[in-house]
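Here's the structure we're looking at; comments come further down.
Heavy-atom basis, side chains included; hydrogens, waters and symmetry copies ignored. Labels below follow one simple rule: chain letters A, B, ... track the order of the sequence lines, proteins then strands, and each chain is numbered from 1.
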2 protein chains.
Amino acid sequence: MTLDEGKQKFLQSWGALGSSWGINRTMAQIHALLLISPEALSADEIMADLQISRGNANMNIRALIDWGLVFKELKPGERKEFFIAEKDMWEVVKCIITQRKKRELEPMLKVLDELSSVADESKEGEAFAEVIKDIKLFSSKADSTLDTLTKADSNWFVGTFMKMIR
Amino acid sequence: MTLDEGKQKFLQSWGALGSSWGINRTMAQIHALLLISPEALSADEIMADLQISRGNANMNIRALIDWGLVFKELKPGERKEFFIAEKDMWEVVKCIITQRKKRELEPMLKVLDELSSVADESKEGEAFAEVIKDIKLFSSKADSTLDTLTKADSNWFVGTFMKMIR
DNA sequence: CGTAGATTTCAGAAAATTGTGAAATCTTAG
DNA sequence: CTAAGATTTCACAATTTTCTGAAATCTACG
């Protein structure tokens, strides 16, 4: 397989993976493109490589910066902005965990708390309370586990943790 | 909050959560509905509760059965099929991990293997190979970690594992 | 300032996903 | 076997998500 074929396949696969994780295809592809680029790229280069419009590129680059997966890089003497991706996989994963935890797990915990206030004596009410309680228990545990994980450094993760459970 | 308000809010939140995880809203809502239902429900009851068509209900119920999250229950003397959800949260999570691992992580590992065959001496080629290698390393580790996790039983998880890392 | 180059915004277009409902198919009691 | 009831399928409709491109805004140099 040539480098170009490989790049193409990687962009395609990473984009598809993104889709099935609620991240839009283009955002995932921009991320993939920056990951495998040894140099920072400008918006124009990204637009050209992925054949997308300026608006689309801009929005998704901003989103990636929001997630903390991509950084702006200003080259001296250049008016344009260049972009570079976090390359350390463990940092990438920590970023994603942190963000999704904040955006999804924490709001869910809040909702579950509200739902705990439902008190109904019927069979339906009991079943409801039971499910909410279980989900809340599980989610809180997941929450603190993820906190620990994202505070751990890569070496600890690949070393201690992996050895321990395997 | 009344039971009905609570149920409504739960169906809504669980559906929204599904969307941001690449699972369609209706599928997640059917799952939520069955989770909080003390009795098995028929397709007609699900259609009525969620205000969806027969076709939609049927397709998403089948999908949930595929995932192993919902089971058919045949009531003696009844011609209809009834459906019931797996209620144990740890089982639910194991199911989801197992399926997504099979559907996404494993195919990705296969692609990464193919991409490892790219050998290119250029700076771009080196960067590409490096990224692929890192992702592959991380993914294989995730793969075996998830294997261990899904084989572990709930008690081990909530007990040993949680104590260990906290 | 003025302006050229760069970035951002956003209304509407395009694409992708999901839902509908009626016809086809299957199932089983009689 | 037959027919009523149940399930499945799938072409098309509706909805949601994403993308485009041009206008608006920003930025920094002379």
| message | Whether the side chain of A:Arg79 and the base of D:dT27 hold a donor-acceptor pair under 3.5 Å is what I'd like checked. | response |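 Counting by modelled atom types and ignoring angles, a donor-acceptor contact under 3.5 Å is found here.
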
Using atom [atom1] of [X] as one end and atom [atom2] of [N] as the other, report the distance to the nearest whole Å.
X       : N      : atom1 : atom2 : result
A:Leu64 : C:dT8  : CG    : P     : 13 Å
A:Glu78 : C:dG5  : CD    : C1'   : 12 Å
B:Asn58 : C:dC26 : CG    : C1'   : 12 Å
B:Met59 : C:dA22 : CE    : C1'   : 14 Å
B:Glu73 : D:dT7  : CD    : P     : 14 Å
B:Met47 : C:dG19 : CE    : P     : 14 Å
A:Ile46 : C:dA6  : CD1   : P     : 15 Å
A:Lys80 : D:dC26 : NZ    : C1'   : 17 Å

| task | Answer yes or no: is there an ion pair linking B:Glu114 with B:Lys110, defined by an N-O contact shorter than 4.0 Å? | result | yes

| said: Taking the side chain as everything from C-beta on, heavy atoms only, tell me whether A:Ile135 gets closer than 4.5 Å to B:Phe10. | reply: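 With C-beta onward as the side chain, the pair touches.
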
| B:Asn24 vs A:Ala43, nearer the 5' end of DNA chain C by closest nucleotide |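 So the residue in question is A:Ala43.
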
| D:dA22 OP1/OP2 closer than 4.0 Å to side-chain N/O of A:Arg54 | no

| said: Can you confirm if the NZ or CZ of B:Arg62 lies within 45° of the ring axis of B:Trp67 and under 6.0 Å from the centre of its six-membered ring? | reply: no

| request: Using the six-membered ring of B:Trp21, assess whether NZ or CZ of A:Arg100 lies under 6.0 Å from its centre and within 45 degrees of the ring axis. | output: yes

| field | 5'-most by nearest nucleotide on DNA chain D - A:Ile23 or B:Phe82 | value | B:Phe82

| request: For A:Asn60 and for B:Phe83, find the nucleotide of DNA chain D with the closest heavy atom, then tell me which residue's nucleotide is more 5'. | output: B:Phe83

| task | Identify whether any heavy atom of B:Asp44 sits under 4.0 Å from a base atom; if not, whether one sits that close to sugar-phosphate; answer base, sugar-phosphate or nothing. | result |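 B:Asp44: no heavy atom of the nucleic acid under 4.0 Å.
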
| said: Side chain of B:Asn56 only, heavy atoms from C-beta on: which candidate in D:dC19, C:dG19, D:dT7 is closest? | reply: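 Taking heavy atoms from C-beta onward, the closest nucleotide is C:dG19.
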
| Nearest of D:dT20, C:dG19, D:dT7 to any side-chain atom of A:Ile52? |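 Output: D:dT20.
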
| Do A:Leu50 and A:Ile61 share a hydrophobic cluster, counting only Ile, Leu, Val, Met, Phe, Trp and Tyr and linking them when any side-chain heavy atoms are less than 4.5 Å apart? | yes

